[in-house]
Every structure is written in structure tokens, then in C-alpha cells.
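Below is one structure; the comments refer to it alone.
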Amino acid sequence: MNKIALILRNKRMKNGAISFDKHEVKFKLDADNNPTGVYFKTAKEANHLIEEFMLLANRSVAEFIGRAKDGSPSDKTFVYRVHDDPDPAKLLELANFVKQFGYTLSTRGTKSVSSSLNKLLADARNNPEANMIETLAVRSMAKAKYTTHNIGHYGLAFGYYTHFTSPIRRYPDVMVHRLLQHYLDHGKSPNADAYEDLCALASDREKLATQAERDSIKYMQVKFMEQYVGEEFTGVISGVTDWGIYVELIDNHCEGMIRIRDFK
């Protein structure tokens, strides 16, 4: 299975998929759920193996319903997971930013941008600025969403894609399971507008859930850093605004703002 997963992954990368392997920040907790330490969760080969077969299942279901027998798009109502091309202005901004670290980024041509982004992420991987560059690269991408109008998935380099594998935790997957069964039972295509409304709701709830997750991590980072007030740390400047600079600590990826008025 791993051999097949590696073949699938390599094929995806050749087709222009982008590889984001961002470190997940996790916390060691005591009996009272107070953070006592920080560690990073990184994707291993076993994670990639599962991911590739999940992607294959999701893509296969989307193609089965979304593509007619002659290869053209079908007119059946369906829930797709789509990802638009990146915003050229945001890409240019990212290219200008990474230039000061000695990196280059191509901003023209879909495949050229993808391979250039992958090279940038690989080159930065073991350097102090890696986490910041990966965060900014993610922000330069369009947001993936649910819709009945298929435009393909840029980040995965798939023409057809959906979310099918997690009906126990995501409502769009439940809709996909129900539609798949409906079509297997030779049912007629249901009203697309009703599903588009549900897709918009699911996309909004996903944004809220993502924000809640980010907020919970920030909260735990603040709780963890409380015990170190007054100590000095090494950090990387992760952002600059009119009112101050943002600094990310190298040891634990905790980020904070230093106000202009506090500068010596």
C-alpha cells in the first residue's frame, strides 16, 4: 500500500499539486489541563499513506458522479470541494517577501507556480523562517470551499474532488454519501439551489471551526508563556504593521506583538 501511495503522491506532484507539511502545535497538559510543554506533530509516511488513499476515494466518488460516460462534465447535482487558483497580487506580495531571505518564487503559469512553491517550501524547511513562510504561502492561496459548481481543486491538482471519507465529523460528507446512494438507486438529479445553500452554510461553519481551533491554540500558548514573563527568547519577525512587529519564538512557535511605543 505504501508503494502505491508513493506512486499516487509523485503523480500528484508532477501534475502540479502543492505540498504543505506544516507543523501542528500540540501541548502536554497536567491533571488540571494546564500546558506544561509544547511539541510539534509532523506528518510521517504512515500519515501520507492514509492521506493518499483518502484523496483517491474522494476523487473517485467525485469523478463517478461528476463525469459523464463520454468524459464530459455531467449535469447531476453534487457537492464538490473546490479550490480556486491563487490571487496573482498575493503571489507577487509573497514573492517580494521571500526575496529578502534569498528565495525566488515564480508567479506566472499554474504549473510553474505550483512547482516553484514546492521548491520554496522545501528550501525553507529546516530554516528559522520556515514556519512563517509556510503560513504566508497558505494565506496567499484561495480558500477551499463547498459548492455545486465544479471548478476543480488547484492545491491538489484534481479536476474533480469532494469530501466523502469523514461523514462522522463533516456534514458535506453526509450529503455526498446520500447523493451517491441516491444516484446508485437511479434517482433523478435533485434541486441544485437547495444544495448550494447547504454548501454555503457548510463553508461558513468550516471557517468558524478553523478560527475556533486557532483561537484555542493561541489561548494555550498564552497560558504556557505566562510562566516565562521577563525571560529572553530568540525569535523571528513574522509580520510588520503600522503599530508594531509580530515575533514568533523559534523554540515553540508562540507568536506575540511588540508595540512601536515599547521599542527602546
Ignoring hydrogens, what is the shortest heavy-atom contact between [X] and [Y]? Give both atom names and the distance.
X	Y	result
Asp173	Ser166	OD2-N, 2.8 Å
Ala124	Ile133	CB-CD1, 4.2 Å
Ala157	Ala17	CB-N, 3.5 Å
Ala192	Thr148	O-CG2, 4.0 Å
Pro35	Gln227	O-NE2, 4.3 Å
Thr165	Ala57	CG2-CB, 3.9 Å

Q) Under the 6.0 Å and 45° cation-pi test, does Arg205 pair with Tyr171? A)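 Ring-cation test returns no.
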Q: Would you verify whether the NZ or CZ of Lys76 falls within 45 degrees of the ring axis of Tyr183 while also being under 6.0 Å from that six-membered ring's centre?
A: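 Positive - Lys76 is close enough to the ring of Tyr183 and near enough to its axis.
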Residues [X], [Y]: salt bridge by 4.0 Å N-O rule:
X	Y	answer
Glu206	Arg81	yes
Lys218	Glu255	yes
Glu52	Arg12	yes

Q) So which of Val176, Thr77, Leu180 actually passes side chain to side chain contact (heavy atoms under 4.5 Å, CB included) with Ile65? A)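 Per the side chain to side chain contact (heavy atoms under 4.5 Å, CB included) rule, the option paired with Ile65 is Leu180, out of Val176, Thr77, Leu180.
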Q.
Ring centres under 6.0 Å, that's the criterion: do Phe64 and Tyr160 meet it?
A.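 No; Tyr160 has its ring centre 6.0 Å or more from that of Phe64.
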Q) Can you check side chain to side chain donor-acceptor pair (under 3.5 Å) on Glu93 and Ser140, steps first, answer last? A) CA-CA 8 Å; Glu93 219 173 271; Ser140 73; over 6 Å; no
Q | Those residues that, when tested against Tyr161, pass ring-ring contact (aromatic ring centres under 6.0 Å, His included) (two or more places apart) | A |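 Result, ring-ring contact (aromatic ring centres under 6.0 Å, His included) vs Tyr161: His153, Phe158, His163.
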Q) What is the ring orientation for Phe164 with His177, classed by angle as parallel under 30°, tilted 30 to 60°, or perpendicular over 60°? A)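 Correct class here is parallel.
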Can you find a side-chain donor-acceptor pair between [X] and [Y] that sits under 3.5 Å?
X	Y	answer
Gln221	Asn252	no
Tyr103	Glu129	yes
Asn47	Glu51	no

Q. With sequence neighbours left out, what residues match Lys119 under side chain to side chain donor-acceptor pair (under 3.5 Å)?
A.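 With sequence neighbours excluded, Lys119 shows a side chain to side chain donor-acceptor pair (under 3.5 Å) to Asp123, given in chain and number order.
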Q) Which residues satisfy the side chain to side chain donor-acceptor pair (under 3.5 Å) test with Asp204, sequence neighbours excluded? A)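 Per chain and number, Asp204 pairs via side chain to side chain donor-acceptor pair (under 3.5 Å) with no residue.
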Check whether any side-chain heavy atom of [X] lies under 4.5 Å from a side-chain heavy atom of [Y], and answer yes or no.
X	Y	answer
Asn34	Leu29	no
Leu179	Tyr195	yes
Ile18	Tyr154	yes
Leu198	Met175	yes

Q) Heavy-atom count around Gln100 CD within 6.0 Å, excluding the residue itself: above 12? A)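 Enclosed.
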Q: Decide if atom CG of Leu184 counts as having more than 12 heavy atoms of other residues, nucleotides or ligands within a radius under 6.0 Å.
A: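 More than 12 within 6.0 Å, yes.
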Q.
Please check: side-chain N/O of Thr162 versus main-chain N/O of Tyr80, any donor-acceptor pairing under 3.5 Å?
A.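 The answer is no, because no donor-acceptor pair under 3.5 Å joins these two groups.
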